[in-house]
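Below: one structure, written as structure tokens.
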Amino acid sequence: MRLLTHNVLRNNTAAAKSKNTNSPLLITATEIRVDEPTCASSSDPAQQQREIAFAKNILPSLDWPTLLQGAKAMGMESLPPMVTPELAADEGFLRALYHVLMDVHLVNGMLTCPDTGREFPVTDGIADVMLQESECD
Amino acid sequence: MSRPELTGHASLFYNAKEARKYDSSSRMVGIQREITERAIELLKLPEGRPSFVLDVGCGSGLSGQVLEEHGHVWVGCDVSRDMLDMANERIERKREAANGNESDDDDSDDSDMDDENNGEENGNRKQWKEEPSPGDLLHHDMGTGLPFRPASFDACISISALQWLCYSNSKDQIPKRRLMRFFSSLYQVLRRGARAVLQFYPETSEHAILISECAAKVGFAG
């Protein structure tokens with residue numbers, strides 16, 4: 001599971017919804033994988049432009065505190081505490097952002113809802129967010 | 001031949017054996033690819049930049065593969081862990097292929113050759129075969145509602161999956177309730193004005209009507 005997915009994921013059980021906090025899930029990582037950019041993407045300007053365009057488009061809808069928290073749990077503490085307009089326009093920053101969102105994977109671990117304690121295991125990169133009918137509203 | 005949906009839960013039908021059969025039938029693959037291509041056309045996504053797309057009922061990743069070929073970033077969810085494991089295998093293979101290219105001595109020559117072959121196969125459309133997959137997978141039952149915060153996605157596709165919501169596989173599953181949860185959560189997790197293209201196989205006209213009624217009730221137009 002990538003940090004991008006973690007950023008948008010929420011516990012949508014009835015119990016969590018009743019708390020009205022819409023909190024992100026806490027990451028406990030037992031196995032992480034960071035993909036290094038391949039030769040192809042490093043030297044291909046079109047691919048670089050695609051990455052920059054994607055990062056630029058997704059940036060406004062990212063929950064930045066969630067990204068900071070998620071990245072920290074995955075061992076990355078290099079993100080700035082907030083994004084200034086200058087940073088948002090900087091291609092180097094946008095490429096680095098793409099890498100953090102797309103290439104840092106939680107392979108095995110646990111996602112925990114801070115409000116209800118509900119746990120969602122992650123195995124082989126796949127998060128198990130299966131709910132029982134009784135948990136839904 | 002009876003419909004898969006009548007034999008029980010999707011995750012039971014798409015067990016490891018069925019998953020492999022589904023994924024290796026070239027006719028099935030061809031059909032799913034075509035349907036996905038058409039769905040992507042209908043989405044009318046902006047040119048020149050990757051979109052963030054939700055693939056509901058992504059199965060073994062056939063539709064995800066097509067999304068990747070168009071350069072999009074996607075999150076897929078499916079109720080069958082066996083199908084997801086196959087999708088994972090596909091992703092693993094791509095990643096290993098990409099890393100394999102790295103360890104060859106003459107990288108640039110190999111890449112050039114791949115590009116030429118890809119060019120011949122696909123005409124003008126570039127094949128990003130060497131890149132690891134931009135797809136992420138979730139084990140999830142769409143009838144419990146989509147577990148994302150509002151306005152997360154640029155688009156949604158669903159290929160040949162929705163009809164499963166019309167059947168209840170346990171005493172506590174009520175189709176209409178599950179359909180309403182799915183559609184109301186889908187409406188919320190899409191960005192304003194974003195589109196969803198949902199292809200499915202209704203068994204009866206009642207099912208087709210039920211599905212479109214639920215969609216309309218939560219505010220989807222068209």
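The chains referred to below are lettered A, B, ... by the order of the sequence lines, with proteins before strands, and numbering in each begins at 1.
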Among B:Asn88, B:Leu84, B:Asp154, B:Val75, who wins on heavy-atom pairs under 4.5 Å with chain A?
-> B:Asn88

Check the surroundings of atom OH in B:Tyr187: do more than 12 heavy atoms from other residues, nucleotides or ligands lie under 6.0 Å from it?
-> no

Going by the ring pair (Phe, Tyr, Trp, His ring centres under 6.0 Å) test, which pairs reach into residues 43-64 of chain B, not counting sequence neighbours?
-> B:Phe52-B:Phe153

So among A:Thr5, A:Leu4, A:Leu9, which one has a side-chain contact (heavy atoms from CB on, under 4.5 Å) with B:Asp136?
-> A:Thr5

For chain A, find which of B:Ser152, B:Pro50, B:Ser51 contributes the most heavy-atom pairs closer than 4.5 angstrom.
-> B:Pro50

Tell me, out of A:Gln132, A:Arg33, A:Met102, A:Gln49, who's got the most heavy-atom pairs with chain B below 4.5 Å.
-> A:Arg33

Identify the two heavy atoms, one from B:Gly48 and one from A:Ala53, that lie closest to each other, and give their separation to 0.1 Å.
-> O-CB, 4.4 Å

Just by distance, do the side chain of A:Arg2 and the backbone of B:Gly135 share a donor-acceptor pair under 3.5 Å?
-> yes

Using atom types as modelled and distance alone, determine if a side-chain donor or acceptor of A:Asn12 lies under 3.5 Å from a backbone N or O of B:Thr144.
-> yes

Can you tell which of A:Ser61, A:Ala16, A:Ser134 has the highest number of heavy-atom pairs within less than 4.5 Å of chain B?
-> A:Ser61

Could you walk me through whether A:Glu133 and B:Arg177 pass the salt bridge (Lys or Arg N to Asp or Glu O under 4.0 Å) test, one step at a time?
-> CA-CA 10 Å; A:Glu133 284 288 324; B:Arg177 204 160 171 198; 5.7 Å; no

To the nearest 0.5 Å, atom CG of B:Asp172 lies from atom SG of A:Cys136 at 9.5 Å

Of the backbone (N, CA, C, O) and the side chain (C-beta and beyond), which part of B:Ser170 lies under 4.5 Å from a heavy atom of chain A, both, or neither?
-> neither

What's the verdict on side chain to side chain contact (heavy atoms under 4.5 Å, CB included) for A:Asp128 and B:Leu138, showing C-alpha distance, side-chain angles and the deciding distance?
-> CA-CA 6 Å; A:Asp128 181 343; B:Leu138 296 171; over 6 Å; no

Pairing of B:Arg49 and A:Glu51 as salt bridge, 4.0 angstrom limit = no

Would a 4.5 Å heavy-atom cut-off, applied to side chains only, mark B:Arg95 and A:Asp35 as touching?
-> yes

Heavy-atom pairs under 4.5 Å with chain B are the metric here; pick the option from A:Asn11, A:Asp63, A:Asp103 that has the most.
-> A:Asp63

Side chains of A:Thr123 and B:Arg81: is there a donor and an acceptor less than 3.5 Å apart?
-> yes

Checking B:Arg149 against chain A: side chain, backbone, both or neither under 4.5 Å from a heavy atom?
-> both

What is the distance from atom NE2 of B:His72 to atom CZ of A:Phe54, rounded to the nearest 0.5 Å?
-> 10.5 Å

Would a 4.5 Å heavy-atom cut-off, applied to side chains only, mark A:Asn22 and B:Pro150 as touching?
-> yes

